[in-house]
Every structure is written in structure tokens, then in C-alpha cells.
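In this text the structure is predicted, and so the values were computed from the model without any measurement.
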Amino acid sequence: VARFGDGEIDLIHGKSIPYQDYDEQLSNRLKSLLFRQTDEQLVVCLSDVFQNLERYNDYAQQFWRGNFAHYAPFYESLGRMNHWFGSTFISRPYIDLQDKTTASNSFEQLKELWHNKDILIVEGALSQSGMGNDLFAQAKSIQRIICPSKNAYSKYDEIFAKIQQHAQGKLVLLMLGPTAKVLVEDLTKLNIQAIDLGHIDSEYEWFLMGATYKVKFNHKHTAEHNFDENIELQLDETYLAQIVEKIG
């Protein structure tokens with residue numbers, strides 16, 4: 001599963017985003033993947049905002065209306081394609097919704113994906129996905145490859161090689177921005193199951209605290225607080241023991 005959000009659309013159009021500078025090769029690969037025919041091997045996802053925008057809070061509605069106005073011709077070209085997309089928001093089932101009562105069921109369904117499975121988490125150095133909560137508590141085992149929190153694509157070949165070394169028999173969960181999308185495509189070709197889950201940890205933390213806005217965390221990366229200011233990592237023994245590779 002490869003999920004495209006507004007950041008990937010910006011990169012495709014030649015713009016940098018806070019945690020990934022524009023890279024022509026990355027931009028071309030993202031565009032090629034987005035226009036790829038979705039099939040049972042690889043689901044390409046778009047933000048679920050093209051119908052019933054009233055499902056979302058006022059901020060999200062305002063943001064997406066502005067995004068539509070800016071990229072209308074591009075979205076129309078995607079709309080003319082004769083295939084389907086998955087929903088990018090499989091990993092964003094809480095904070096932007098008006099009706100948040102469905103979130104509990106959404107998270108339980110997601111947890112079934114890794115229930116009793118060995119998982120390999122590939123994430124940025126500040127992400128610490130699942131730490132301090134029970135998001136991955138049902139996994140059989142957890143290993144982590146820690147990557148740069150910014151411009152991860154510059155280390156693409158090394159990241160891809162390390163994943164191959166450790167992915168045997170595991171479900172790979174990627175929280176690595178735009179780089180995750182390209183990794184999913186390349187891992188799929190090797191018959192390695194990889195799911196791009198992006199900011200699932202922030203969503204789950206907000207859900208657990210019953211937040212109504214995007215509360216910033218001081219101990220790890222927070223979705224949409226993309227400059228990672230004033231973070232004091234809490235490197236507990238469980239997290240450190242799960243790390244099998246660290247890519248600087």
C-alpha cells in the first residue's frame with residue numbers, strides 16, 4: 001500500500017516540503033507510481049476528499065478546497081484514468097473527522113494487519129512509532145530500521161538494501177514520508193509485503209487522549225508539526241533493543 005497526500009503532490013510539481021527537499025528523480029518516480037494501475041499486488045491511495053467533504057472539520061475542508069483550486073487540472077487528469085484508488089486516510093482515521101466515533105473500529109481493524117506477525121518498522125529518527133502506546137502490542141515481534149528524519153531519499157539505496165536484509169518473513173511497515181511510497185513499489189517487486197502507514201502514530205496518540213486538535217508531542221515527531229522543534233527523545237530500553245539498523 002502506497003499512500004499519496006498533499007506533500008507528494010507538491011513534490012510531483014517541483015516543490016520542496018519541510019522534511020523532503022525537491023529531488024527530480026523522486027518526483028518522477030512518485031508521478032509514475034501515482035499513474036500506475038492499481039492491482040491486487042500494489043494499492044495506490046489518494047486522499048479521500050473528492051466527495052462528501054463535509055465529513056471533515058472546518059480546517060480540513062478549508063485546506064482541501066485550497067488544494068483543489070491549486071491543483072485542479074492535475075486531479076482532473078487523475079480522474080480521467082480508468083482505475084480505482086485506495087484511501088490515503090486508512091492511517092488518518094481520527095483527527096480531521098467531524099464524527100470521531102468510527103476511529104476505535106478503524107484502529108482495531110488496522111491492528112489486525114500485524115496481529116501475531118513479525119514486523120519491521122522503517123521510520124525516521126524522531127518518529128518512535130508505537131512507543132508509549134499499545135499500537136503494535138499485538139505484533140509477535142518488532143524490529144526497526146531508523147532512517148534520517150529529513151531527506152530520507154538521499155539514503156534510498158542504503159535503506160532499500162537494509163530492508164531486504166531484515167524483511168524475510170516479516171510485514172514491513174513504513175513511516176518515512178515520500179520515500180516510503182517508492183520503497184513500497186520496489187519491495188512489491190521482490191514479493192515483500194510493505195504498507196506505508198505514515199502518521200498513524202500521531203493519529204493514535206490523539207485518539208487515545210481524545211484530542212480535538214493536533215496536539216504537539218515533545219518526545220517524538222508529530223504529524224503536521226513538520227519542523228520537529230523542541231523534541232526531547234525518550235530512548236527507553238525496549239525501543240533501543242528493537243533497532244537492527246541505523247542509517248545516518
Side-chain angles (χ1 to χ4, degrees), residues 3 5 7-8 16-21 91-95 107 110-111 113-114 117-163 165-167 170-184 194-248:
R3 304 160 37 264
E8 285 71 38
S16 295
I17 59 177
Y19 47 90
Q20 178 61 61
D21 294 339
S91 67
R92 306 301 297 260
Y94 177 75
I95 197 68
F107 283 118
L110 279 171
K111 289 178 181 179
L113 293 173
W114 49 81
K117 291 184 179 178
D118 299 310
I119 63 174
L120 177 64
I121 294 174
V122 183
E123 63 180 355
L126 302 176
S127 297
Q128 295 202 342
S129 303
M131 297 308 299
N133 60 56
D134 66 344
L135 184 59
F136 301 116
Q138 297 176 24
K140 184 178 179 181
S141 70
I142 302 173
Q143 292 184 330
R144 297 175 189 264
I145 295 176
I146 306 303
C147 307
S149 56
K150 183 175 182 180
N151 293 324
Y153 191 70
S154 66
K155 301 288 186 177
Y156 186 86
D157 291 343
E158 186 177 356
I159 295 169
F160 184 50
K162 295 299 185 184
I163 294 173
Q165 288 180 27
H166 295 280
K170 299 183 180 71
L171 170 64
V172 180
L173 302 179
L174 297 145
M175 297 81 160
L176 203 61
T179 301
K181 287 65 177 150
V182 184
L183 285 167
V184 166
I195 302 176
D196 162 29
L197 281 176
H199 283 123
I200 184 66
D201 182 77
S202 292
E203 287 280 321
Y204 192 59
E205 291 276 13
W206 292 328
F207 163 73
L208 292 175
M209 67 175 63
T212 56
Y213 64 96
K214 296 175 180 179
V215 179
K216 183 184 180 299
F217 313 129
N218 295 322
H219 62 293
K220 58 181 171 180
H221 173 74
T222 311
E224 279 76 65
H225 292 266
N226 293 323
F227 295 99
D228 293 324
E229 297 172 323
N230 302 317
I231 293 179
E232 295 184 11
L233 290 176
Q234 298 173 5
L235 303 175
D236 68 26
E237 292 182 5
T238 300
Y239 171 78
L240 293 172
Q242 292 170 352
I243 297 173
V244 294
E245 300 285 352
K246 192 166 185 178
I247 299 167

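Checking side-chain atoms of Tyr156 against main-chain N and O of Val182 turns up a donor-acceptor pair under 3.5 Å. Using modelled atom types, no side-chain atom of Lys214 and backbone atom of Ser202 make a donor-acceptor pair closer than 3.5 Å. Formation of a donor-acceptor pair under 3.5 Å by the Lys220 side chain with backbone atoms of Gly132 is not found in this model. A donor-acceptor contact shorter than 3.5 Å links the side chain of Glu123 to the backbone of Ser129. Put simply, the side chain of Gln242 never gets that close to the backbone of Ile142: no donor and acceptor are under 3.5 Å apart. With hydrogens and angles ignored, the 3.5 Å screen pairs no side-chain donor or acceptor of Asp118 with any backbone N or O of Lys170. One N or O on the side chain of Glu203 and one on the backbone of Ile95 form a donor-acceptor pair closer than 3.5 Å.
Counting all heavy atoms, side chain and backbone alike, Val172 lies closest to Ala167 at CG2-CB, 3.9 Å. Contact record, Ala211 with Val215: CB-CG2, 4.0 Å, taken as the closest heavy-atom pair. Closest heavy-atom contact between Glu229 and Lys216: O-NZ, 2.7 Å. Looking at every heavy atom in both residues, Gly248 comes nearest to Pro148 through O-CG, 3.8 Å. Contact detail for Cys147 and Val122: the closest heavy-atom pair is SG-CG1, 3.7 Å. Looking at every heavy atom in both residues, Phe107 comes nearest to Pro93 through CZ-CG, 3.7 Å.
For Ala180, the side-chain contact (heavy atoms from CB on, under 4.5 Å) criterion is met by Leu174, Leu176, Asp196, not counting sequence neighbours.
Taking the six-membered ring for Trp and thresholds of 30 and 60 degrees, Phe217 and Trp206 have ring planes inclined between 30 and 60 degrees apart. The aromatic rings of His199 and Tyr19 lie perpendicular to each other, with more than 60° between the two planes, well past the 30° mark.
Within the 4.5 Å cutoff, the side chain of Met175 has no heavy atoms near those of the Asp201 side chain. Gln234 has its side chain out of reach of Tyr239: every pair of non-hydrogen atoms, C-beta onward, lies at least 4.5 Å apart. Side chains of Ile195 and Trp114 form no contact here, defined as non-hydrogen atoms less than 4.5 Å apart. In this structure the side chain of Ile231 never reaches within 4.5 angstrom of the side chain of His219, judged on heavy atoms.
Taken from CD1 in Ile146 to NZ in Lys162, the straight-line distance is 14.0 Å, to the nearest 0.5 Å. Once rounded to the nearest 0.5 Å, the distance linking CD1 of Ile200 with CG of Leu110 reads 5.0 Å. To the nearest 0.5 Å, the span separating CG on Leu120 from CD1 on Ile145 amounts to 4.5 Å. A distance of 4.5 Å separates CD1 of Ile163 from CG of Leu183, quoted to the nearest 0.5 Å. In this structure, CD in Glu8 is found 9.5 Å from CD in Gln20, a value given to the nearest 0.5 Å. Considering NE2 of His166 and CD1 of Ile121, their distance stands at 14.0 Å, rounded to 0.5 Å.
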From CA spacing to verdict: side-chain contact (heavy atoms from CB on, under 4.5 Å), His221, Asn226: CA-CA 8 Å; His221 173 74; Asn226 293 323; 4.0 Å; yes
Which is it for Tyr153 and Asp21 under the side-chain hydrogen bond (donor to acceptor under 3.5 Å, both in side chains) test, yes or no, and what are the steps along the way? CA-CA 9 Å; Tyr153 191 70; Asp21 294 339; over 6 Å; no
Take Phe136 and Leu173 through the test side-chain contact (heavy atoms from CB on, under 4.5 Å) and record every step on the way to the result. CA-CA 11 Å; Phe136 301 116; Leu173 302 179; 3.6 Å; yes
From CA spacing to verdict: side-chain contact (heavy atoms from CB on, under 4.5 Å), Val244, Arg144: CA-CA 6 Å; Val244 294; Arg144 297 175 189 264; over 6 Å; no
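Under a cut-off of 6.0 angstrom, the local environment of CG in Asp134 is crowded, with over 12 non-hydrogen atoms contributed by other residues, nucleotides or ligands. Heavy-atom contacts from other residues, nucleotides or ligands closer than 6.0 Å to CD of Gln165 number more than 12.
Salt bridge status for Glu224 with Arg92: present, with a side-chain N to carboxylate O gap under 4.0 Å.
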